[in-house]
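Predicted, not measured: the structure shown is a model, and the values here were computed from it. Chain identifiers are assigned alphabetically (A, B, ...) following the order of the sequence lines, protein sequences preceding nucleic acid strands; residue numbering begins at 1 within each chain.
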Protein chains: 2
Amino acid sequence: MLQLQKGVQLLMDNKQIPDIVVGRLPLYLRTLQKMARETIQVTSSLELGERLGISAAQIRKDLSQFGEFGKQGTGYNIPFLIERIREILHIDRVWDVAVVGAGDVGRALARYQGFADRGFRVVMIFDNNPDVIGTLVADFTVQNTAGLVEAIQNAGIKVAMVSVPADQAQSVTDQLISAGVKAILNYAPISLSVPEGVWVQYIDPAVHLQRMAFYLA
Amino acid sequence: MLQLQKGVQLLMDNKQIPDIVVGRLPLYLRTLQKMARETIQVTSSLELGERLGISAAQIRKDLSQFGEFGKQGTGYNIPFLIERIREILHIDRVWDVAVVGAGDVGRALARYQGFADRGFRVVMIFDNNPDVIGTLVADFTVQNTAGLVEAIQNAGIKVAMVSVPADQAQSVTDQLISAGVKAILNYAPISLSVPEGVWVQYIDPAVHLQRMAFYLA
DNA sequence: GAAGCATTGTGAAATGTACCACAAAATCTT
DNA sequence: AAGATTTTGTGGTACATTTCACAATGCTTC
């Protein structure tokens, strides 16, 4: 039986980790958590790779950037590896998240149950439509976007999701940044301009579909 | 004034185009269409790159994979380049899309206005919840997932979006593939297994947030 | 407890991607 | 109409990422 390693330490403080490696860690984590729910205790880079469609060598190389988490001949202890990845990604805590834009997408995000146990929790939602301000969305009262900077600053929020129309997205982004937000998940179909030290990820279903359409005869 | 090039032909039939290049074309297109709405006629790789946060050299190299679309000293004619990219991505037509799962996400997708003019159109939506089947979502009657394969096959649909719970996503995917679907945009938080010749893109807000959390102190 | 099997972590090689820098070509200026 | 300016397309180079392949290690079996 695999023992929990003791004294394992995360590296990465010195080393420069490629962003592409960082981007795969959440996928590893998601699959490992699924395996844990299936009560699997141990896995190998080969098995994990098959579930993910990623080569075993790549998984081993990626994980070795952060420490030695496996055991030769045996593989990786799943609960242990889950904890290590949660530490690496700084999601061994819960980040409060603000949603800006209470349209279909914003409301779906506020009501989404999938953030639980994955490191995030929606705590407030904003909109600038007078008909929507004050209404309830998943236990939250929609706040006026006019008060966004103060509310986010006071709450110390660092993570936000933007689901406003494209023509308001840059302005909202600028306000979020002035309020101290460092990570933005942008659903508006537009490239945002942000200063050094602020990270943006984009979700645009049309972009994803267009990419695949290239391969359709 | 820039003349429209005549007799320009798309290459790429022989050449193997890197997927990473294909993935940037929709971003170029989205920004070019925004510029067109601002009634800008001509742009340069430098200007486009600044808007996108991508180097000018990379944009030129990417586009040169498909043909010579620019003019030295002048740049790129925007309407012309838009049409070329639409051809390359096979979105110089409208692809019918099926939505499976009529929860918050599926309903938001069915009602989303952002697919218009970007090559896609939602034409049907499915769910397996008896309370939801038969209700209206954005002019569509929610159909029973039991009839999914037949309906999609009959309509000749090649593109689908999956917004069902994770534990149903693989089963739905298998049905979509048996119905002839070749491109799947998956909102379920799970890696899908698909055969050669079927493409999947993933949208999982928690994954995107986790990736950024790595960079949060 | 020795032999066989499984699996890691990792240098080295192979492959893939981005950037540089410039000749060529088109436009602009005077 | 000649020189200055702009900007493309691209060969070459530098950098990044993935894959290979194997020594080392830890289980399992007999």
Side-chain angles (χ1 to χ4, degrees), chain A residues 1-6 8-12 15-25 27-28 32 35 40-78 80-81 84-85 88, chain B residues 1-6 8-12 15-25 27-28 32 35 40-78 80-81 84-85 88:
Chain A
M1 192 54 185
L2 193 79
Q3 298 285 313
L4 278 192
Q5 289 96 331
K6 285 167 192 162
V8 172
Q9 215 180 332
L10 298 183
L11 310 168
M12 131 186 124
K15 227 177 305 182
Q16 175 60 29
I17 307 293
D19 180 63
I20 196 158
V21 173
V22 174
R24 281 190 293 261
L25 294 182
L27 306 178
Y28 299 167
L32 288 165
M35 294 170 93
I40 307 174
Q41 294 289 313
V42 175
T43 188
S44 65
S45 58
L46 187 67
E47 183 187 26
L48 187 54
E50 277 166 0
R51 289 202 179 216
L52 282 158
I54 290 179
S55 82
Q58 178 153 84
I59 291 172
R60 292 200 303 278
K61 195 86 163 185
D62 283 354
L63 294 176
S64 75
Q65 300 265 348
F66 302 98
E68 305 197 354
F69 303 145
K71 219 174 195 175
Q72 285 159 330
T74 305
Y76 300 91
N77 176 289
I78 290 176
F80 175 81
L81 186 53
R84 293 296 75 69
I85 296 178
I88 293 164
Chain B
M1 194 54 186
L2 194 80
Q3 299 285 314
L4 277 191
Q5 289 96 331
K6 285 167 192 163
V8 172
Q9 214 178 334
L10 297 184
L11 310 169
M12 130 187 126
K15 227 177 305 182
Q16 174 61 29
I17 306 294
D19 181 62
I20 197 156
V21 173
V22 174
R24 280 190 293 261
L25 294 182
L27 305 179
Y28 299 167
L32 288 165
M35 294 170 93
I40 307 174
Q41 294 291 312
V42 175
T43 188
S44 65
S45 58
L46 187 67
E47 183 186 28
L48 188 55
E50 277 166 359
R51 290 202 180 216
L52 282 158
I54 290 179
S55 82
Q58 179 153 86
I59 290 173
R60 292 202 302 278
K61 196 90 164 185
D62 284 354
L63 295 176
S64 75
Q65 301 264 347
F66 303 99
E68 306 196 353
F69 303 146
K71 216 174 195 174
Q72 284 159 329
T74 306
Y76 300 91
N77 177 289
I78 290 177
F80 175 81
L81 186 53
R84 295 296 76 69
I85 295 179
I88 293 164

Using the closest heavy atom to pick a nucleotide of DNA chain D for each, name whichever of A:D62 or B:R60 lands nearer the 5' end. B:R60
Starting at CD of B:E50 and ending at C1' of D:dT7, how long is that distance when rounded to a whole Å? 14 Å
Could you check how far CD of B:Q58 sits from P of C:dT17, rounded to whole Å? 10 Å
Protein-nucleic acid N or O pairs under 3.5 Å, nucleotides 11-15 of chain D:
residue	atom	partner	partner atom	Å
D:dG11	N7	B:K61	NZ	3.1
D:dG11	O6	B:K61	NZ	3.1
D:dG12	O6	B:K61	NZ	3.2

Is a donor-acceptor contact shorter than 3.5 angstrom present between the side chain of A:Q72 and the base of C:dT8? yes
DNA chain D: B:L63 or B:G73, which has the more 5' nearest nucleotide? B:G73
Compare every heavy atom of A:L25 with every heavy atom of A:L63, then report the nearest pair and how far apart it is. CD2-CD2, 4.4 Å
Which of these nucleotides, D:dT19, D:dG9, C:dA26, is closest to any side-chain atom of B:T74? C:dA26
Whole-Å distance, A:R84 CZ to C:dG9 C1', equals 18 Å
So the salt bridge (charged side-chain N to carboxylate O under 4.0 Å, His left out) pairs with at least one residue in residues 45-57 of chain B (sequence neighbours excluded) are B:E38-B:R51
What does B:I20 touch in the nucleic acid at a heavy-atom separation under 4.0 angstrom: a base, only the sugar-phosphate, or nothing? sugar-phosphate
Phosphate-side-chain proximity, B:S45 and D:dT7, N/O vs OP1/OP2 below 4.0 Å: no
